[in-house]
Amino acid sequence: MATASKIMGSSDFSVIEGRSAGFYALVAGLAAVIAAGLWATHAMETEGHHVTGMTNQIVWGIPHVFAIFLIVTASGALNVASLSSVMGQKIYAPFARLSALLAVALLLGGLAVITLDLGRPDRIVVALTHFNMKSVFAWNVFLYTGFLLLAALYLWTLMERRMNRITKPVATVLLLWRIVLTTGTGLIFGVLVAREAYDVAIMAPMFIAMSLSFGTAACLLLLMAVGGCTGRFLDDAVVHGLKRILAWFVTLVLYFVMVSHGVKLYAAGYQGVERFLLLEGGVITSMFWMGQIVAGSLAPLWLMLWPPTATSRPWIAAAAALVLLGGLAQIYVIVIGGLAFPLQIFPGKEVIESGFFDGVVSHYQPSLPELLLGLGGVAMALLIVVLGMKVLEFVPDFRSGS
Amino acid sequence: MADGSNALADKSRRRFLTRTGAAVALGLAAGVRFIDFPSARAESGPVSSSQRWGMLIDSSKCASDCSACVQACSDEHGISGHGRPQTDAQWIRKVTLRDKESGRETSLPLMCQHCEDPPCVDVCPTGASFRRADGVVLVDKHICIGCRYCMLACPYKARSFIHEDLADQKPWSPRGKGTVESCTLCVHRIDEGKGRIPACAEACEREGHGAIQFGDLNDPASSVAQALVQRESQELRADLRLNTGVRYQNL
């Protein structure tokens, strides 16, 4: 990508030049993925959702996995901003802007995916004008909108010198807001009494831990990528500080995962669903053990804590990337695994015949369109970040030392 | 001066009496109308919570090899499959169960249970999922955005998402690609107010099984209410305390 060029305004930040072949290739590549996602949406809306792998049994699929992943990660991407503006950790101050930009971009990407997956995306105005205030989904509409407005306000307080004095209170409100927001996202599942894999309040704090973990990983990767592509200096203290925080958050997620499964393993009525998720669920079980636990939690912890890799930036970047892939696997297990396990409508009975797949595990085969829609959301988030850095002064100007 | 003030007092007295009279008349009229509702509701009038429509299904009368209720529902509402059972809509289905201890087999139709506290209504972001005052749980197809959150919330898997284009729709049962739907308890028949019963119950009766009884659960004189008094019945997923409008016997 292009080297830094100083433009008007702040003395510490600048836009990226964005004239190199690499920059244009990146923008073109992201735009192509977004175009593919839009084509997928068009196919899903004109043909109907039967072109996806989703069914009347597995009603949410890959688009929701990506959307929830992006929304959860968005909330945590503000960690660097909170560390700087709320907790006064000055070494992170130069990266607070990028942290907020990434958060806004990820949330917009996630919301785009979830909106375009609707059966009637053309009725999005209905969703913004008709509210059932008992619905967690309806709360989330306000939480997401408020998050975007607060993040924009926070960026304004950072970029406009006269507003600097209110940066801390705005950042504090934003921190509290995103905790509530992620609580709301977790409660989408936590309030579902019908399904054995959900229906637990622990979903809310677990989602907060997930957001802290995935968001820190995403922000760390962004800082390293921007540093690498623009040739700007990224202090070791920042990389290793975020790495240590990430290791704590990964451990925290593991703790919540252990508690939530442990409690259900203890309760007699839930052993069936636990056996399915942890032992007999095929792809779901593999996703849990190999994706979420080994690749997404233990491997990155090892890379971040074992001295030979813990001091190497490429290995730290690999660890952060693994945390993100593990996060996708975790949300896949939550969404698809929770829906694939049959509803227990008739306790004490076995279903020997049903006209609607009662009593049997449902299988899910994602299709290309829904995968493209999910990836389109990721590409949209990345494109917003890349173009944002080109038009506004998000990137710190350091060339040596912090 | 004194005359003038008397005239004013008269005027305000007259106004007071006129307004009071009008208020009393309106109140009485409202009272009379309210009392009238349960027995003779106009077709276009509002529904009332004095009624609660529901069903009692006796699984000992349900023949495992009979699916007349399912066929009647499909015919009534124009539900036809595309040969893709995973995505085709299903408002009512037949389920055969075996007791894990005794091995006793039972058969039953399963559809929306028309809960008093429906989880689908709680979670719907736009209010498209709603419960009528008379207990019928419906989807307003005009404001359903197709998010399918209600399908995650329903403990009975009673709802279907329309995955592809529809043809041959019935005017009394509007449906739409990209929206969610479920059993309406044949609300169009209920609203006709001529004692018509849902298509599934009618078909079951026609087949000579009489396993599905339909009626007003709030009316002590209705056959369904009397049958509920006489013999033990149960709700599906009673642990969720949803107070379903569909009850089962001999499960």
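As the structure is a prediction and not an experimental result, all values here were calculated from the model. Within every chain, numbering begins at 1; the chains are lettered A, B, ... in the order of the sequence lines, protein sequences first and strands thereafter.
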> Between B:Arg93 and A:Asp358, is any pair of side-chain heavy atoms under 4.5 Å apart?
Replying inline: yes
>> Report which part of A:Leu339 has an atom under 4.5 Å of a heavy atom belonging to chain B: side chain, backbone, both, or neither.
In response: side chain
> Just by distance, do the side chain of A:Arg123 and the backbone of B:Cys144 share a donor-acceptor pair under 3.5 Å?
Replying inline: yes
> Would you say the side chain of B:Gln86 lies within less than 4.5 Å of the side chain of A:Asn56, judging by non-hydrogen atoms?
Replying inline: no
> Between B:Leu108 and chain A, which part of the residue has a heavy atom less than 4.5 Å away: side chain, backbone, both or neither?
Replying inline: side chain
> By a 4.5 Å heavy-atom criterion (distance strictly below it), what part of B:Asp88 contacts chain A: side chain, backbone, both, or neither?
Replying inline: backbone
> Does any heavy atom of chain A fall under 4.5 Å from the side chain of B:Leu110, the backbone, both, or neither of them?
Replying inline: side chain
> What part of B:Lys94 is in contact with chain A, defined as an atom under 4.5 angstrom from a non-hydrogen atom: side chain, backbone, both or neither?
Replying inline: backbone
>> Does any backbone or side-chain atom of A:Glu350 lie under 4.5 Å from a heavy atom of chain B? Answer side chain, backbone, both or neither.
In response: both
> So which part of A:Asp117 gets closer than 4.5 Å to some heavy atom of chain B, the side chain, the backbone, both or neither?
Replying inline: both
>> Please check this pair: side chain of B:Tyr149 against backbone of A:Ile188, looking for a donor-acceptor N/O pair closer than 3.5 Å.
In response: yes
> Looking only at atom types and distance, does a side-chain atom of B:Lys100 sit under 3.5 Å from a main-chain N or O of A:Pro347, one as donor and one as acceptor?
Replying inline: no
>> With a 4.5 angstrom heavy-atom cut-off, is it the side chain or the backbone of B:Arg148 that approaches chain A, or both, or neither?
In response: both
> Can you tell me if A:Trp60 uses its side chain to pair, donor with acceptor, with the backbone of B:Cys147 under 3.5 Å?
Replying inline: yes
>> With a 6.0 Å cut-off (strictly less than), is the heavy-atom count around CD of A:Glu353, excluding the residue itself, greater than 12?
In response: no
> Given that the side chain runs from C-beta out, which part of B:Val180 has a heavy atom under 4.5 Å from chain A: side chain, backbone, both or neither?
Replying inline: neither
> Do you know which of B:Arg84, B:Arg159, B:Arg104, B:Glu101 has the most heavy-atom pairs under 4.5 Å to chain A?
Replying inline: B:Arg84
> At a heavy-atom separation under 4.5 Å, does A:Leu118 approach chain B through its side chain, its backbone, both, or neither?
Replying inline: both
> Would you say A:Lys349's side chain and B:Thr106's backbone share a donor-acceptor pair under 3.5 angstrom?
Replying inline: no
>> If you count heavy-atom pairs within less than 4.5 Å of chain B, which of A:Gly355, A:Gly348, A:Pro121, A:Ala138 leads?
In response: A:Gly348
>> Heavy-atom cut-off 4.5 Å, strictly under: side chain, backbone, both or neither for B:Ala128 against chain A?
In response: neither
> Which bit of B:His82 is near chain A, if near means a heavy-atom gap under 4.5 Å: side chain, backbone, both or neither?
Replying inline: neither
>> Less than 4.5 Å to any heavy atom of chain B: does that hold for the side chain of A:Ile345, its backbone, both, or neither?
In response: both
>> With heavy-atom distances below 4.5 Å as the criterion, would you say the side chains of A:Phe356 and B:Pro85 are in contact?
In response: no
> Between the main-chain N or O of B:Cys124 and the side-chain N or O of A:Asn132, is there a donor-acceptor pair closer than 3.5 Å?
Replying inline: yes
> Where on A:Thr46 is there a heavy atom nearer than 4.5 Å to chain B: the side chain, the backbone, both, or neither?
Replying inline: backbone
> Quick one: what part of A:Val141 sits under 4.5 Å from any heavy atom of chain B, side chain, backbone, both or neither?
Replying inline: neither
>> Are A:Phe137 and B:Ile145 packed together at the side-chain level, in the sense that at least one heavy-atom pair is separated by less than 4.5 angstrom?
In response: no
> What part of A:Phe346 is in contact with chain B, defined as an atom under 4.5 angstrom from a non-hydrogen atom: side chain, backbone, both or neither?
Replying inline: side chain
> Which one, B:Gly146, B:Gly178, B:Pro125, leads in non-hydrogen pairs under 4.5 Å with chain A?
Replying inline: B:Pro125
>> Please rank B:Leu152, B:Leu236, B:Ile143, B:Asp99 by heavy-atom pairs under 4.5 Å with chain A and give me the top one.
In response: B:Leu152
>> Which label fits A:His49 and B:Phe161: parallel for a plane angle under 30°, tilted from 30 to 60°, or perpendicular past 60°?
In response: perpendicular
>> Is A:Met133 in contact with chain B via its backbone, its side chain, both, or neither, using a 4.5 Å heavy-atom distance?
In response: neither
>> Taking every non-hydrogen pair under 4.5 Å, which of B:Asp122, B:Thr87, B:Val95 racks up the most with chain A?
In response: B:Asp122
